[in-house]
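Here's the structure, in structure tokens; my notes come after.
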2 protein chains.
Amino acid sequence: MEPRRADNIAEALEELIFSGALSDGDRLDEVRLAEHFGVSRTPLREAFQRLALSGLVELIPRRGAFVRQPGPVELIEMFEVMAELEAVCGRLAAMRISDAAVDALRLANLKCQAAIDAGDPDTYYAENESFHKTIYQQSGNSFLEQEACKLHKRLQPFRRQQLRFRGRMVQSMSEHRAIVEALDEGDAVTVSNTLRAHVAVQGEKFHNLMASLKKAAE
Amino acid sequence: MEPRRADNIAEALEELIFSGALSDGDRLDEVRLAEHFGVSRTPLREAFQRLALSGLVELIPRRGAFVRQPGPVELIEMFEVMAELEAVCGRLAAMRISDAAVDALRLANLKCQAAIDAGDPDTYYAENESFHKTIYQQSGNSFLEQEACKLHKRLQPFRRQQLRFRGRMVQSMSEHRAIVEALDEGDAVTVSNTLRAHVAVQGEKFHNLMASLKKAAE
DNA sequence: AGAACATTTCTTGTATACAAAACTCTTGAC
DNA sequence: GTCAAGAGTTTTGTATACAAGAAATGTTCT
């Protein structure tokens, strides 16, 4: 691999972890990775420090850096927080959203539906993400928006697993539509509750998540 | 200053920033700080990477590391998120709290009141923090607990300013008592709304915060 | 054979060296 | 007097060197 800038190394490592090339418990060998990226150990170690704080990597003194993927319990907890964060974004957005943003949400939903009909999952994921990010943004609180985006990104790989299950996309779409209508009416309570339920991992979804986790562990 | 371990340097820098020894916009001079801590630039730069992700420091490539304190807008946003996070913790805690924890909250409140009566602000701060952290913990979600603690810590210096204003401590106490009662009754909605209002910066508190910010800038 | 200890090898943590970019200060032109 | 260009200085970013701790290997003794 050609040499990279240090700024990008943390990102590249993140990519490697998300993509599954590095899995839970793996030691991040400094010299091996340094060779791989064509740099020395110094910029690599700086990248480790970043990843450590974001929770993707555990730094054990005098031992090294280890990949740390969330286990089932932590994952459930993270999804619960994501659901609550989205509910908060929705509650605030219900009071603050612009007409243009409501239109943008409707458009994203139409494109989502079209992607389902066309059997195009990539477009579906993209438009689904756009839908949620618009709501984060319309919370009118950029700090909240950032935090929501961070957690969203961290859960991304697991979410993709989720949508594999049959019927999930269709149900998800009808939830999306209900959310837009409640936002348009400024009904903060309904937006909040519907979004929470939409994101929360419960019932059927819980078992699906556990099943895909076990599958991934094999 | 005697040499320190690299692990502690990030923490020490954080302390310097929180204590006000380093203020907004200051450049973190690598060689000067290296001398100050009695280490070389390498461990310092690693610490910078950590602080950058936590938002206390901005890393501008080829320029250096700069202290980055939140401005008024960002601060308001952070307090809003804190209020919502506490509301979520409270909502979950209302369903999950243990009897022992309710007792612990009552005890913390008694100690808080005693501290006010004795004119002992340090004890008051400590017990107040204990009250809130107990609620985070009783959300039954350790990921949420961690996130709440992180933001709580980041807002700590500004919160201390807040409580300076007369009458605030007394009002705060009566809110605390209402929260415990609602938690005891398992009334999630009341807990959530009361906690949100307790933490939110609005009305009088907003002006106080702005005033202390201006004062700090002089 | 197995456990305890010594030795060797490997890895991390830190210092230092060097290259390249940014900043500064001087000089010179208009 | 102001602005621009360039030499010199400072500072960042990265590589490398070295020291100290951990793991691995081998050796000896029971």
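A, B, ... follow the sequence lines: proteins, then strands. Residue 1 opens every chain.
- Not one side-chain nitrogen or oxygen of A/Arg45 sits closer than 4.0 Å to the OP1 or OP2 atom of C/dT12.
- Summarising the geometry of B/Ala94 relative to B/Val191, their closest heavy-atom pair is CB-CG2, 4.2 Å, with the distance given to 0.1 Å.
- Annotation: the span from B/Leu195 atom CG to B/Ile135 atom CD1 amounts to 4.5 Å, rounded to 0.5 Å.
- Between B/Arg32 atom CZ and D/dT10 atom P the separation is 16 Å, expressed in whole Å.
- Between A/Ile60 atom CD1 and C/dG13 atom C1' there is a gap of 16 Å when expressed in whole angstrom units.
- Rounded to the nearest 0.5 Å, atoms OG (B/Ser172) and OH (B/Tyr124) are 3.5 Å apart.
- Using a 4.0 Å heavy-atom distance criterion, B/Arg27 is classed as a sugar-phosphate-only contact.
- Listed nucleotides D/dT14, C/dT14, C/dG13 differ in distance to A/Glu30; the shortest reach to its side chain belongs to C/dG13.
- In this structure, the CG atom of B/Leu44 is 13 Å from the C1' atom of C/dA15, given to the nearest Å.
- We find that CG of B/Asp29 is positioned 15 Å from C1' of D/dG13, with the value rounded to whole Å.
- Atom-to-atom, CD of B/Glu46 to P of D/dG13 comes out at 14 Å; the value is rounded to the nearest Å.
- Taking only side-chain nitrogens and oxygens, A/Arg63 never comes nearer than 4.0 Å to OP1 or OP2 of C/dG13.
- The nearest whole Å value for the distance from the CZ atom in B/Phe37 to the P atom in C/dA15 is 13 Å.
- For the pair A/Val199 and A/Glu86, the tightest heavy-atom approach, listed with the atom from each and the gap, is CG2-CD, 3.7 Å.
- The nearest pair of heavy atoms linking A/Leu59 to A/Ala65 is CD1-CB, 3.5 Å.
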Between protein and nucleic acid, restricted to nucleotides 16-21 of chain D and to nitrogen or oxygen atoms under 3.5 Å apart, what atom pairs and distances do you find?
| residue | atom | partner | partner atom | Å |
| --- | --- | --- | --- | --- |
| D/dT16 | O4 | A/Thr42 | OG1 | 3.3 |

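- Rounded to whole Å, the distance from CD on A/Glu35 to C1' on D/dA15 is 14 Å.
- Each salt bridge (Lys or Arg N to Asp or Glu O under 4.0 Å) pair with one or both residues in residues 17-29 of chain A, not counting sequence neighbours, appears once here: A/Arg27-A/Asp29.
- Scanning both residues, A/Ala10 and A/Leu51, for their nearest heavy atoms gives O-CD2, 3.8 Å.
- Atom CG of A/Leu59 and atom P of C/dT14 are 11 Å apart (whole Å).
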